[in-house]
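This structure is a prediction, so every number in the text was calculated from the model and none was measured. Values reported hereafter were calculated over all heavy atoms of this structure, with side chains retained and with hydrogens, waters and symmetry mates removed.
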Amino acid sequence: MERRNFIKTGAICIGAITLTRDISLFGSADSKMSIIKYSSSPADAAGIAKEAQVLVRAAVDALGGMGRFVSKGETVCIKPNIAWNRTPEQAATTNPDAVAEVVKMCREAGASKVVVLDNTCHKAEQCYPKSGIQAAAEKAGAEVILPGKRSFRNTKIPGGQIIKEWELFTDVLEADKFINMPIAKHHGLSKLTLSMKNLMGCCGGNRNRFHQDLGGVLTDLAQFFKPDLVIMDAIRTMTANGPIGGNLADVVRQDTVIAGVDQVAIDAFGATLFDLDPMEIPYIAEGQKRGLGTSDYASLTPIIQTV
């Protein structure tokens, strides 16, 4: 049973294309995945902010535009990684300018309300401003929701193999559309944090219990939430000492954003950014086994562009 239906019932290599014009002309409503690379690696804050904006818009436009995913009057929930008390430069959290651009695109598509949230690991009152996401998202027109005691609802997870019931973020459950916005980075336990791993931030309760079978739990969550769109931030990636990091020596510029509707394929491509075999990541292997998507991302003929 899909997330929104549950609520209603009760509850590369394919070849790069370098473009110098409006890439929305090349978008397709049938496309399942886009991989967009920036043509340079700006060092200053203004340049990186522009890069994030261009990459995100290009990635979604390549799929047919935000209007393919968001309709007029809908409430959209955007779930970035805000889990840690870290600055954007440390690559522990999603790029704030990328999040703001997605908020703007949802508004342009006619969304009546856009909420941005995460159940953080460090204190939310520190993480939200330190990441830059709170200020950027609010300026773009989003309602930024910090987790609180009443933020979560005990919810059955139909088809869950490891978790049958859990406390889930009410605002995610009640949204018309759900956009998952992870950052790609190293993780000491799961090897990588990618889109399926980012779904842990939709959960309350004692999440340490998840680590007993992390691959199975993450697949349960991915099967339940089924994001309408995934936009992965690989502008800066953390290659070691994740998920918290803190040392800029662990940060590598990839200057890439990946978007699509197949969360398994997006995570599989994300694994290749770290020179890892996707099937070595337990939740990617389990997600494919359960039919949530394919680890053979090239079979989706992703749109690959340099902007």
Exam field: side chain Thr75 to backbone Asp176, donor-acceptor pair closer than 3.5 Å: no

If you measure from CE on Met33 to CG on Asp262, what distance do you get to the nearest 0.5 Å? 8.0 Å

Would you indicate whether the side-chain heavy atoms of Met66 and Leu229 approach each other to under 4.5 Å? yes

Which atom of Glu167 lies closest to which atom of Phe152, heavy atoms considered: CB-CB, 4.0 Å

Do the side chains of Leu214 and Pro282 get nearer than 4.5 Å, heavy atoms only? no

Could you go through the side-chain contact (heavy atoms from CB on, under 4.5 Å) check for Thr294 and Val264 one step at a time? CA-CA 6 Å; Thr294 178; Val264 177; 5.7 Å; no

Quick check against the 3.5 Å criterion: does Asn198 have a side-chain atom that pairs as donor or acceptor with the backbone of Lys79? yes

Nearest heavy-atom neighbours spanning Thr94 and Ile133: O-CD1, 3.4 Å

Going hydrophobic residue to hydrophobic residue with side-chain gaps under 4.5 angstrom, can you get from Leu55 over to Val251? no

Check: Gly73 main-chain N/O paired with Ser112 side-chain donor or acceptor under 3.5 Å: yes

Quick one: which residue pairs count as a ring-ring contact (aromatic ring centres under 6.0 Å, His included) with a foot in residues 232-263, not counting sequence neighbours? none

For Ala140 and Val103, the nearest pair of non-hydrogen atoms, with its separation, is O-CG1, 3.5 Å

Heavy atoms, side chains only, cut-off 4.5 Å: are Lys130 and Thr87 in contact? yes

Compare all side-chain heavy atoms of Asp171 with those of Glu143 and state whether any distance is below 4.5 angstrom. no

Which word best sums up how the rings of Phe225 and Phe178 line up, parallel for under 30°, tilted for 30 to 60°, or perpendicular for over 60°? tilted

Nearest heavy-atom contact between Ile266 and Ala259 is CD1-C, 3.8 Å

Return yes if some donor-acceptor pair links the side-chain N/O of Asp255 with the main-chain N/O of Lys37 below 3.5 Å, else return no. no

Gln223 vs Arg290 side-chain heavy atoms within contact, under 4.5 Å: yes

Check whether any side-chain N or O of Lys177 sits under 3.5 Å from a backbone N or O of Val76 as a donor-acceptor pair, and report yes or no. no

Measure from the side-chain N and O atoms of Thr239 to the backbone N and O of Asp250, and report whether any donor-acceptor pair falls under 3.5 Å. yes

May I have the step-by-step check of side-chain contact (heavy atoms from CB on, under 4.5 Å) for Leu199 and Gln263, ending in yes or no? CA-CA 11 Å; Leu199 295 172; Gln263 52 192 327; 4.1 Å; yes

For residues Ile231 and Ile304: do they belong to one hydrophobic cluster (side chain heavy atoms under 4.5 Å, members Ile, Leu, Val, Met, Phe, Trp, Tyr)? yes

Modelled atom types, side-chain donor and acceptor of Asp233 and Asn95, under 3.5 Å: no

Close side-chain approach of Cys203 and Phe210, heavy atoms under 4.5 Å: yes

Option from Arg57, Lys139, Lys50 for which salt bridge (charged side-chain N to carboxylate O under 4.0 Å, His left out) with Glu101 holds: Arg57

Minimal heavy-atom distance between Thr120 and Arg207, with the atoms involved, is O-NH2, 3.3 Å

Interatomic distance, Cys106 atom SG to Ile78 atom CD1 [nearest 0.5 angstrom]: 4.5 Å

For Leu248 and Gln90, run side-chain contact (heavy atoms from CB on, under 4.5 Å): C-alpha distance rounded to whole Å, both residues' side-chain angles, the deciding distance at 0.1 Å, then the answer. CA-CA 6 Å; Leu248 293 180; Gln90 293 169 309; 4.0 Å; yes

SG of Cys121 to CG of Asn85: how many Å apart, nearest 0.5 Å? 12.0 Å

Leu273-Val56 co-clustered via ILVMFWY side chain contacts under 4.5 Å: yes

Between CG on residue Leu173 and OG1 on residue Thr155, distance to nearest 0.5 Å: 4.5 Å

Tyr297 and Phe269 aromatic ring geometry - parallel, tilted or perpendicular at 30°/60° bounds: perpendicular

Donor-acceptor pair, side chain of His187 and main chain of Pro243, under 3.5 angstrom: no

State, to 0.1 Å, how close Leu63 and Lys32 come at their nearest heavy-atom pair, and which atoms those are. CD2-C, 4.0 Å

Check: Asn119 and Cys202 side chains under 4.5 Å, non-hydrogen atoms: no

Begin from the C-alpha positions of Tyr128 and Asp118 and carry the test side-chain contact (heavy atoms from CB on, under 4.5 Å) through to its verdict. CA-CA 9 Å; Tyr128 273 59; Asp118 189 13; 4.3 Å; yes

Hydrophobic clustering (ILVMFWY, side-chain heavy atoms < 4.5 Å, transitive) - are Ile36 and Ile183 grouped together? no

For Pro227, is there any backbone N or O sitting under 3.5 Å from a side-chain donor or acceptor partner on Asn180? no

So which of Ile35, Val60, Val307, Ile235 actually passes side chain to side chain contact (heavy atoms under 4.5 Å, CB included) with Val257? Ile235

Would you please name every residue forming a ring pair (Phe, Tyr, Trp, His ring centres under 6.0 Å) with Tyr38, sequence neighbours left out? none

Are the aromatic rings of Phe224 and Trp166 close, with centres under 6.0 Å apart? no

Spatial distance of atom CZ (Arg236) from atom OG1 (Thr256) [nearest 0.5 Å]: 13.5 Å

Under 3.5 Å, is there a donor-acceptor pair between the side chain of Arg86 and the main chain of Ile244? yes

What is the distance from atom OG of Ser190 to atom CE of Met196, rounded to the nearest 0.5 Å? 11.0 Å

Please check: side-chain N/O of Ser295 versus main-chain N/O of Pro278, any donor-acceptor pairing under 3.5 Å? no

Spell out, yes or no, whether Met232 and Ile48 are grouped together once hydrophobic residues are joined by side-chain heavy atoms under 4.5 Å, including indirect joins. no

Flag side-chain contact, heavy atom, 4.5 Å: Ser195 against Asp267: yes

Do Gln161 and Asp220 have side-chain N/O donor and acceptor atoms under 3.5 Å apart? no

